Amino acid sequence: MQFVFETFLEQLSESVDETDFRDAMARAAAAFDLVKFAYLCLPPRAPGKPRLISNYPQRWTAHYLSNHYHAIDPVIARAQGCQCPFLWGLHYSRTGLSDFEQKLFDEAAAFGIRCGLTIPILDKRGNVAAMSFAADGLSPALLRVSERYQEAFRFMATCFHICVRRKLSADRLVNGVQLTPREYECLEWAAQGKSARDIASIVGIRRRTASFHLENARKKLGLRTRMQAVAQFSAARTGLG
């Protein structure tokens, strides 16, 4: 167990694109005999597109996205309304489905996606995502993870989400200026009233390093003081900038 987690976290830290992240999760899931997974992060604002990282059949994921199925998927709808992992498919959550929802399940079943375990994710920015592990039937592996390793998989899903957000997010623009993940993170904490010392402790870096990232962000934004950078960051986040 520990070896799987350590390897997973190391792969996440080294990942630079969606392929890397997909391989990291696929390898970790395979250690628990889970074959298919899908990570879906909903767009924070309309008409944004969802981010999907998955090893589901490519024909199905392309069909799912092109038809905007995330907007009617009952699994995603449930993930938006709760924080606890849940099983779905087969005799789970199949009552009261609309015709469109039933059609979605039937089409997914054609690709071997009949049931699964989904872990809802809600981060501190209010972003909603879901990590699902699917199978053609309610396999012993799926039940074992649901009953014995649920908390461990919640931790893995959260780590995956945070790393994807930091490394792949296009939402690090402040007034048209692209910040690095660390610059954005430090400014985000500074906007919450945290000092460089506080940020260093929270993020796990040195105080001098936190100050370095804050200064880099200030320079990129073309501002004279750190307070101005924080103010501009906050205005941009609230849509007032």
Side-chain angles (χ1 to χ4, degrees), residues 1 4-5 8 18 21-43 49-123 127-162 164:
M1 177 76 74
V4 173
F5 288 161
F8 177 65
E18 289 192 2
F21 281 106
R22 184 188 66 232
D23 293 346
M25 180 53 77
R27 179 175 178 179
F32 293 87
D33 298 321
L34 298 178
V35 179
K36 298 184 181 76
F37 87 91
Y39 162 82
L40 182 76
C41 186
L42 298 176
K49 297 180 179 179
R51 177 184 295 278
L52 178 62
I53 300 177
S54 169
N55 64 354
Y56 284 2
Q58 196 276 332
R59 283 180 57 205
W60 168 242
T61 56
H63 181 69
Y64 185 99
L65 292 174
S66 65
N67 285 280
H68 307 286
Y69 276 174
H70 66 279
I72 63 166
D73 190 338
V75 174
I76 299 304
R78 183 172 176 182
Q80 290 179 272
C82 72
Q83 297 183 3
C84 298
F86 58 90
L87 289 167
W88 52 267
L90 298 180
H91 57 287
Y92 292 96
S93 306
R94 292 299 296 269
T95 59
L97 294 180
S98 69
D99 291 341
F100 283 111
E101 292 170 338
Q102 186 61 57
K103 178 175 179 289
L104 188 157
F105 271 117
D106 291 342
E107 291 180 357
F111 292 90
I113 304 168
R114 296 179 182 273
C115 60
L117 170 70
T118 290
I119 302 168
I121 305 167
L122 177 64
D123 65 26
N127 295 316
V128 177
M131 179 72 76
S132 297
F133 301 91
D136 192 35
L138 201 57
S139 65
L142 206 57
L143 288 174
R144 184 168 58 249
V145 169
S146 175
E147 295 169 0
R148 296 177 55 187
Y149 301 117
Q150 193 176 109
E151 288 305 311
F153 269 71
R154 288 181 71 173
F155 173 74
M156 292 168 62
T158 301
C159 289
F160 186 94
H161 172 72
I162 291 173
V164 167

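For clarity, every value in this text was computed on a predicted model and none was experimentally measured.
- A donor-acceptor pair under 3.5 Å links the side-chain atoms of N55 to the main chain of V35, judged by distance alone.
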Inset, instruction - Begin from the C-alpha positions of F105 and W88 and carry the test side chain to side chain contact (heavy atoms under 4.5 Å, CB included) through to its verdict. - result: CA-CA 10 Å; F105 271 117; W88 52 267; 3.8 Å; yes
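- Taken from SG in C115 to CG in D136, the straight-line distance is 7.5 Å, to the nearest 0.5 Å.
- With sequence neighbours excluded, the residues that form a salt bridge (charged side-chain N to carboxylate O under 4.0 Å, His left out) with R144 are D33.
- N67 contributes no side-chain N or O that, together with a main-chain N or O of Y69, makes up a donor-acceptor pair within less than 3.5 Å.
- Going from atom CG of L138 over to atom CG of L117 covers 10.0 Å, rounded to the nearest 0.5 Å.
- In this structure, F111 has its ring center at least 6.0 angstrom away from the ring center of H63.
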Inset, instruction - Using the side chain to side chain contact (heavy atoms under 4.5 Å, CB included) rule, take I72 and L104 through it: C-alpha gap first, then chi angles, then the decisive distance, then the call. - result: CA-CA 9 Å; I72 63 166; L104 188 157; 4.0 Å; yes
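- A donor-acceptor pair is defined here as one N or O able to donate and one able to accept, closer than 3.5 Å; no such pair exists between the side chain of Q102 and the backbone of S98.
- The six-membered or imidazole ring of F133 lies near that of F153, with a centre-to-centre distance under 6.0 Å.
- Between P120 and A79 the shortest heavy-atom distance is CB-O, 3.5 Å.
- Put simply, the side chain of L42 does not reach to within 4.5 Å of the side chain of N127, judged on heavy atoms.
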Inset, instruction - Could you please spell out the steps behind the side chain to side chain contact (heavy atoms under 4.5 Å, CB included) verdict for F8 and R27? - result: CA-CA 8 Å; F8 177 65; R27 179 175 178 179; over 6 Å; no
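- For the atom pair CZ (R154) and CD1 (I119), the distance works out to 8.0 Å, reported to the nearest 0.5 Å.
- Between F37 and S54, the shortest heavy-atom distance links the atoms O-OG, 2.8 Å.
- Counting only heavy atoms from C-beta outward, the side chains of Q150 and V145 never approach each other to under 4.5 Å.
- Here L122 contributes atom CG and Q80 contributes atom CD; the two are 10.5 Å apart, rounded to the nearest 0.5 Å.
- Ring geometry for Y39 against H161 counts as tilted: the plane angle lies between 30° and 60°, on a 0 to 90° scale.
- Within 6.0 Å of CD on E147 lie more than 12 heavy atoms contributed by other residues, nucleotides or ligands.
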Inset, instruction - Test T118 against M131 for side chain to side chain contact (heavy atoms under 4.5 Å, CB included), laying out the working first. - result: CA-CA 6 Å; T118 290; M131 179 72 76; over 6 Å; no
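- The distance from the CG atom of D73 to the CD atom of E101 is 8.5 Å, given to the nearest 0.5 Å.
- Minimum interatomic distance between H70 and Y64 (heavy atoms only, all atoms of both residues): CA-OH, 3.4 Å.
- At distances below 3.5 Å, not a single donor-acceptor pair connects side-chain atoms of S146 with backbone N or O atoms of L142.
- Remark: K103 engages E107 in a salt bridge, criterion side-chain N to carboxylate O under 4.0 Å.
- Summarising the geometry of A28 relative to F32, their closest heavy-atom pair is O-CD1, 3.3 Å, with the distance given to 0.1 Å.
- Note: F5 CZ to M156 CE = 5.5 Å, rounded to the nearest 0.5 Å.
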